Visitor: 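Take a look at this one; I'll ask things after.
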Amino acid sequence: MTELTELSYALDTFYFLICGVLVMWMAAGFSMLEAGLVRSKNTAEILTKNIALFAIACTMYLLVGYYIMYSSPGGGFLPNLGFLLGGENSVEAVTAGGDDAPYYSMRSDFFFQVVFVATAMSIVSGAVAERMKLWAFLAFAVVMTAFIYPVSGYWTWGGGWLSEIGYSDYAGSGIVHLAGAAAALAGVLVLGPRKGKYGKDGTIFAIPGANMPLATLGTFILWMGWFGFNGGSELKMSDVASANNVAQVFVNTNAAAAGGVIAALVLAKLWFRKADLTMALNGALAGLVAITADPLSSSALGAAAIGAVGGLIVVTAIVTLDKMKLDDPVGAISVHGVVGIWGVLAVPLSNGDATFGAQLIGILGIFGWVFLASLVVWLILKAVMGIRVSEEEEYEGVDITECGLEAYPEFSASKK
């Protein structure tokens, strides 16, 4: 190995790790966003869910998930589970990164991938907030991060059948975001809406979040972390072409988020006659989700347009799901699911190597697998341990019943 090759290896490894740290920082963004959008009596529990799911995701992906995703021969439906029988399961034994790999440390690849699976699981957290039992949620997190996500991840990034048919998803609008939303949708259907959210006559009652500054901070953290999410997916930057690609990805990611905010805010003003902050926040996230499937191929203005369409879609989707009585306190299914579909379908608009047929098959394959597998797991958990807190516990808030403490004790009505 020449000195230049060693330097490139070190640089690409370092870049991969730093991008992984940025994606890990998104866990803080999800925590703050969700804590801001739930009621104060449920804040400590949602924060507990977020830090616990991150730890579970990291552990289960280390034990099982990474090898399901990356240790199988390409082109198939079923991943190789031979490592469970005592075969080689060292992180260093798994090859990733292309024909000339490794051009970065395999452990840096693992670190980058493990924070992605945690992101997918974080999407579920907000959608089932305020009425799900903590331990039922954590039990689902074990299965989601160890098996459900890695299987569809193998189909795509692991060289499985979706990769073989030409499905294109640069950083995971479908692989990560749609997958997380599909699992969330299954959970919401089994769980049911929060008490008081919908009237018997179909009236929708708003349940405002407790802390809009916190939700806004969470959105900015996610926006920042997304540069690692998309930028790191270039996989290297030690040559001129890759460095230029990374720069284009950063610019497009930022432009799409901005386009999403503007479009969502304008639509909210026209539709609701108010500049709805929550729609603006979700517009930013929608723009980011939309561009994630291909933040490289389009121009900056094209990326802004893709993000703007995402912003329009998310406002419409949030209202539509509410009318369908699908209670999603943070809009996760709309942001990551509905807009994730748009992002995947938008790829062929700027990427001549992608086809609408392959993209549609990818959407159906990922959504179908994750939704059905998650639905089975949710139903088993409901039968075995129950997944919903009692009506009394929901009224009092899950902070006390699940965590034994309050996030804002000085503001409790019971305190003198």
Side-chain angles (χ1 to χ4, degrees), residues 26-61 117-149 180-181 183-197 207 209-211 214-215 218 327-333 336 373-409 412 414:
M26 291 173 68
F30 279 115
S31 299
M32 297 301 97
L33 175 66
E34 294 171 18
L37 293 178
V38 301
R39 289 167 288 183
S40 58
K41 63 183 180 180
N42 300 310
T43 305
E45 193 261 359
I46 198 115
L47 295 173
T48 304
K49 281 164 60 177
N50 272 274
I51 195 166
L53 76 84
F54 188 85
I56 289 171
C58 292
T59 303
M60 297 312 300
Y61 200 65
V117 68
T119 298
M121 189 60 217
S122 294
I123 295 166
V124 184
S125 173
V128 299
E130 301 200 301
R131 73 271 200 207
M132 175 168 277
K133 290 182 178 179
L134 173 64
W135 290 99
F137 173 83
L138 297 182
F140 177 80
V142 170
V143 183
M144 176 70 176
T145 58
F147 183 69
I148 298 176
Y149 171 89
L185 176 60
V188 167
L189 289 173
V190 176
L191 189 61
R194 290 168 290 176
K195 295 296 181 182
K197 176 62 178 176
I207 302 180
N211 196 324
L214 207 59
D327 185 17
D328 179 357
V330 304
I333 297 171
H336 302 276
S374 298
L375 186 63
V376 170
V377 176
W378 287 126
L379 290 172
I380 291 173
L381 290 172
K382 182 179 181 180
V384 172
M385 61 189 300
I387 64 172
R388 182 161 186 151
V389 299
S390 69
E391 189 170 342
E392 180 181 356
E393 290 171 334
E394 185 177 345
Y395 176 78
E396 293 177 352
V398 289
D399 280 6
I400 293 297
T401 60
E402 296 281 24
C403 301
L405 55 83
E406 297 172 280
Y408 308 106
S412 172
S414 63

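The first residue of the sequence shown is numbered 1, and numbering continues consecutively from there. Being a predicted model, the structure only gives us computed values, none of them experimental. Side-chain atoms are counted along with the backbone in the values below, which use heavy atoms only and exclude waters and symmetry mates.
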Visitor: Applying side chain to side chain contact (heavy atoms under 4.5 Å, CB included), run through M132 and L191 and close with a yes or a no.
Guide: CA-CA 7 Å; M132 175 168 277; L191 189 61; 4.0 Å; yes

Visitor: Can E130 and R39 be said to form a salt bridge (charged side-chain N to carboxylate O under 4.0 Å, His left out), step by step?
Guide: CA-CA 8 Å; E130 301 200 301; R39 289 167 288 183; 3.2 Å; yes

Visitor: I need the M32 CE to L214 CG distance, nearest 0.5 Å.
Guide: 5.0 Å

Visitor: Between atom CE of M60 and atom CG of L53, what is the distance when rounded to the nearest 0.5 Å?
Guide: 13.5 Å

Visitor: Minimum heavy-atom separation for A127 and V330, please, with both atom names.
Guide: N-CG2, 4.1 Å

Visitor: Spell out, as yes or no, whether a donor-acceptor pair under 3.5 Å connects the side chain of S125 to the backbone of S122.
Guide: no

Visitor: I'd like to know if the side chain of K49 and the backbone of A44 have a donor-acceptor N/O pair within less than 3.5 Å.
Guide: no

Visitor: Taking atom OG1 of T401 and atom CD of E393, what is their separation to the nearest 0.5 Å?
Guide: 4.5 Å

Visitor: Using side chain to side chain donor-acceptor pair (under 3.5 Å), reason through T48 and E45 one step at a time and then give a plain yes or no.
Guide: CA-CA 5 Å; T48 304; E45 193 261 359; over 6 Å; no

Visitor: Evaluate the side chain to side chain contact (heavy atoms under 4.5 Å, CB included) criterion for residues L405 and I400: first the C-alpha distance (whole Å), next the side-chain angles of each, then the deciding distance (0.1 Å), finally the verdict.
Guide: CA-CA 5 Å; L405 55 83; I400 293 297; 5.9 Å; no

Visitor: Is the NZ or CZ atom of K41 both under 6.0 Å from the centre of the six-membered ring of Y408 and within 45° of that ring's axis?
Guide: no

Visitor: To the nearest 0.5 Å, what is the distance between CD1 on I46 and SG on C403?
Guide: 10.5 Å

Visitor: Using a 3.5 Å distance criterion without hydrogens, assess whether the side chain of E402 forms a donor-acceptor pair with backbone atoms of L134.
Guide: yes

Visitor: Could you tell me the separation between the CD1 atom of I56 and the CG atom of L138, rounded to the nearest 0.5 Å?
Guide: 4.5 Å

Visitor: To the closest 0.5 Å, what do you measure between CG (L185) and CD1 (I333)?
Guide: 5.0 Å

Visitor: Considering non-hydrogen atoms only, spot the tightest contact between N42 and G397 and give its length.
Guide: OD1-CA, 3.5 Å

Visitor: Contact between V377 and I148 at the side-chain level, heavy atoms closer than 4.5 Å - yes or no?
Guide: yes

Visitor: Any idea how W378 and F140 line up, ring-wise: parallel (<30°), tilted (30 to 60°), or perpendicular (>60°)?
Guide: parallel

Visitor: Test side chain to side chain contact (heavy atoms under 4.5 Å, CB included) on E396 and V389 and set out the steps.
Guide: CA-CA 11 Å; E396 293 177 352; V389 299; over 6 Å; no

Visitor: Does any non-hydrogen side-chain atom of V142 lie less than 4.5 Å from one of F147?
Guide: no

Visitor: If I compare all heavy atoms of D399 with all of S40, which pair ends up nearest, and what's the gap?
Guide: OD2-O, 3.4 Å

Visitor: In a check of side-chain hydrogen bond (donor to acceptor under 3.5 Å, both in side chains) between D327 and each of K195, K197, R194, which one passes?
Guide: R194

Visitor: Say whether, by atom type as modelled, one donor and one acceptor occur between the side chain of R131 and the main chain of R388 under 3.5 angstrom.
Guide: no

Visitor: Quick check: closest heavy atoms across A215 and L33, and the distance to 0.1 Å?
Guide: O-CD1, 3.6 Å

Visitor: Mind listing the closest non-hydrogen atom pair of A181 and I123 along with its distance?
Guide: N-CG2, 3.8 Å

Visitor: Carefully, step by step, assess T119 and F30 under the rule side chain to side chain contact (heavy atoms under 4.5 Å, CB included).
Guide: CA-CA 9 Å; T119 298; F30 279 115; 3.8 Å; yes

Visitor: Looking only at heavy atoms, what is the nearest atom pair of L47 and S31, with distance?
Guide: CD2-O, 3.7 Å

